[in-house]
Amino acid sequence: MFNGTANILKPPGISSFAFIKSLRWLLDEKKAGHTGTLDPAAAGVLGVCFGKATKTIPFLDDSRKEYICEMKLGTRTDSLDLEGQVIREDLNWNYLSSAEVEAAIISFKGKQQQIPPMYSALHYEGKRLYQLARRGIVVDRKSREVEIFNLEVLEINLPLIRFKAEVSRGTYIRSLVRDIGEKLNTNAVMTFLLRTKSGPFLLENSVTYEQIEKMGPDILLKPYEPLKLPRYTIKDEEHQRAENGNYLIKENFVESELKIEVGEYFLLFSESGKFLAISQHQLEDDYHIYQPHKVFI
């Protein structure tokens, strides 16, 4: 079993699920999971965990994602991207200036309510929205709060626009494209999407399927490497307590001071540098304990 994480560049034209399946076959690893699904047409970084590293998925902070998007004004599809059927077209964009377009895009920066697209994996009465959409069924979707931390217009060559967006988890760039079009009194469709950041995973540090094919598990990161958690060391004589998942006390640690808030998680290592567990500072009956939460031995 391989225990590691890979920051993989998913190509366009394949679903995240199918891509993970191909990686499992390539590495002959049954257990694998990923963070932050990408649409089949989209490309970009995809964090994939193998073996025991799948235990780290809940602790990977993917609250911020960054995308480069290309959109086209004057056209709208039922899926809001080029995978769907064209349902509306217009030439209203002919009357827009670059300054108006840029101002409209930048105005979306900040917190806002966003309606998810019908072609999405969200559930509605036990079914995925995209399953209903494929049958021609459109249902009302509840809006939800998202935040767009940063927006940068990269190029305007009407009807085409390219922009970079840093957004909160759960933000649909296809929905943002739709909303930009509506603000400009025209239709809009997403024509290209590249995810350049998903939490700790960055485009410049990603690897391709071909690189994994060539190098195999040697290319994997250690399970703890992508985790942004404090690191502490247990004394060698207490190693078995951690291995068995028993709680620890301050005196069990090498460090004389533990700067960990109650409820905070941290990485637990042995004196020899072996990664043992993801642990949590807990308070039970006014007594401070440090509980191994996910053991990796």
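As the structure is a computational prediction, the values presented were derived from the model and not from experiment. Values reported hereafter were calculated over all heavy atoms of this structure, with side chains retained and with hydrogens, waters and symmetry mates removed.
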Is the count of non-hydrogen atoms from other residues, nucleotides or ligands lying under 6.0 Å from [X] atom [atom1] greater than 12?
X: Phe59; atom1: CZ; value: yes
X: Lys183; atom1: NZ; value: no
X: Gln240; atom1: CD; value: no

Given 3.5 Å as the limit, does a donor-acceptor pair link the side chain of [X] with the main chain of [Y], or not?
X: Glu225; Y: Lys222; answer: yes
X: Asn3; Y: Lys52; answer: yes
X: Asn7; Y: Leu202; answer: yes
X: Lys10; Y: Ile14; answer: yes

Please tabulate, one pair per line, all N/O donor-acceptor pairs under 3.5 Å involving side-chain atoms of residues 281-297, not counting sequence neighbours.
{"from": "His281", "atom 1": "ND1", "to": "Ile260", "atom 2": "O", "distance (Å)": "2.7"}
{"from": "His281", "atom 1": "ND1", "to": "Glu261", "atom 2": "O", "distance (Å)": "3.4"}
{"from": "His281", "atom 1": "NE2", "to": "His288", "atom 2": "ND1", "distance (Å)": "2.7"}
{"from": "Gln282", "atom 1": "NE2", "to": "Gln280", "atom 2": "OE1", "distance (Å)": "3.0"}
{"from": "Gln291", "atom 1": "NE2", "to": "Gly245", "atom 2": "O", "distance (Å)": "2.6"}

Identify whether the distance between the nearest side-chain nitrogen and carboxylate oxygen of [X] and [Y] falls below 4.0 Å.
X: Lys259; Y: Glu264; value: no
X: Arg174; Y: Asp39; value: yes
X: Glu166; Y: Lys65; value: no

With rounding to the nearest 0.5 angstrom, report the [atom1] to [atom2] distance, [X] to [Y].
X: Asp61; Y: Arg169; atom1: CG; atom2: CZ; answer: 7.0 Å
X: Gln113; Y: Asp179; atom1: CD; atom2: CG; answer: 11.5 Å
X: Glu83; Y: Asp78; atom1: CD; atom2: CG; answer: 11.0 Å
X: Ile234; Y: Ser270; atom1: CD1; atom2: OG; answer: 9.0 Å
X: Leu268; Y: Lys274; atom1: CG; atom2: NZ; answer: 12.0 Å
X: Leu227; Y: Ile278; atom1: CG; atom2: CD1; answer: 5.0 Å

[X] versus [Y], closest heavy-atom pair with distance:
X: Arg195; Y: Ser198; value: NE-CB, 3.8 Å
X: Leu258; Y: Phe253; value: CD1-CD1, 3.7 Å
X: Lys235; Y: Glu271; value: CA-OE2, 3.5 Å
X: Gly44; Y: Leu38; value: O-CD1, 3.7 Å
X: Ile20; Y: Ala32; value: CG2-CB, 4.0 Å
X: Ser206; Y: Ile8; value: CB-C, 4.3 Å

Listed by chain and number, what are the salt bridge (charged side-chain N to carboxylate O under 4.0 Å, His left out) partners of Arg162, not counting sequence neighbours?
Glu155

Set of salt bridge (charged side-chain N to carboxylate O under 4.0 Å, His left out) partners for Glu89, sequence neighbours left out:
none

Please lay out, stage by stage, how Thr35 and Asp62 fare under the test side-chain hydrogen bond (donor to acceptor under 3.5 Å, both in side chains).
CA-CA 8 Å; Thr35 63; Asp62 65 343; 5.2 Å; no

Should Asp90 and Asn187 be marked as a side-chain hydrogen bond (donor to acceptor under 3.5 Å, both in side chains) after you check the CA-CA gap, both sets of side-chain angles, and the distance that decides it?
CA-CA 7 Å; Asp90 67 72; Asn187 289 294; 2.7 Å; yes

Do [X] and [Y] share a hydrophobic cluster, counting only Ile, Leu, Val, Met, Phe, Trp and Tyr and linking them when any side-chain heavy atoms are less than 4.5 Å apart?
X: Trp93; Y: Ile105; result: yes
X: Val207; Y: Met215; result: yes
X: Val262; Y: Leu229; result: no
X: Tyr172; Y: Phe192; result: no
X: Leu9; Y: Ile219; result: no

Evaluation steps, side-chain hydrogen bond (donor to acceptor under 3.5 Å, both in side chains), between Glu147 and Ser168:
CA-CA 5 Å; Glu147 184 169 3; Ser168 62; over 6 Å; no

Working note: Gln85 + Thr77, criterion side-chain hydrogen bond (donor to acceptor under 3.5 Å, both in side chains); need CA distance, chi angles, decisive distance, verdict.
CA-CA 5 Å; Gln85 299 294 317; Thr77 67; over 6 Å; no

Show the numbers, then the answer: is there a side-chain contact (heavy atoms from CB on, under 4.5 Å) between Ile148 and Leu176?
CA-CA 10 Å; Ile148 300 177; Leu176 174 60; 3.7 Å; yes

Option passing side chain to side chain contact (heavy atoms under 4.5 Å, CB included) with Val101 (candidates Leu96, Val153, Ile180, Ile106)
Leu96

Among Val189, Ile115, Ile173, which one satisfies side chain to side chain contact (heavy atoms under 4.5 Å, CB included) with Arg178?
Ile115

Under 6.0 Å from the ring centre and within 45 degrees of the ring axis: does the NZ or CZ of Arg231 meet both conditions for the six-membered ring of Phe266?
no

Would you please test Leu267 and Tyr232 for side-chain contact (heavy atoms from CB on, under 4.5 Å) and show each step?
CA-CA 6 Å; Leu267 304 176; Tyr232 286 92; over 6 Å; no

Evaluate Val167 against Arg64 for side-chain contact (heavy atoms from CB on, under 4.5 Å), listing each step before the verdict.
CA-CA 6 Å; Val167 302; Arg64 286 185 177 234; over 6 Å; no

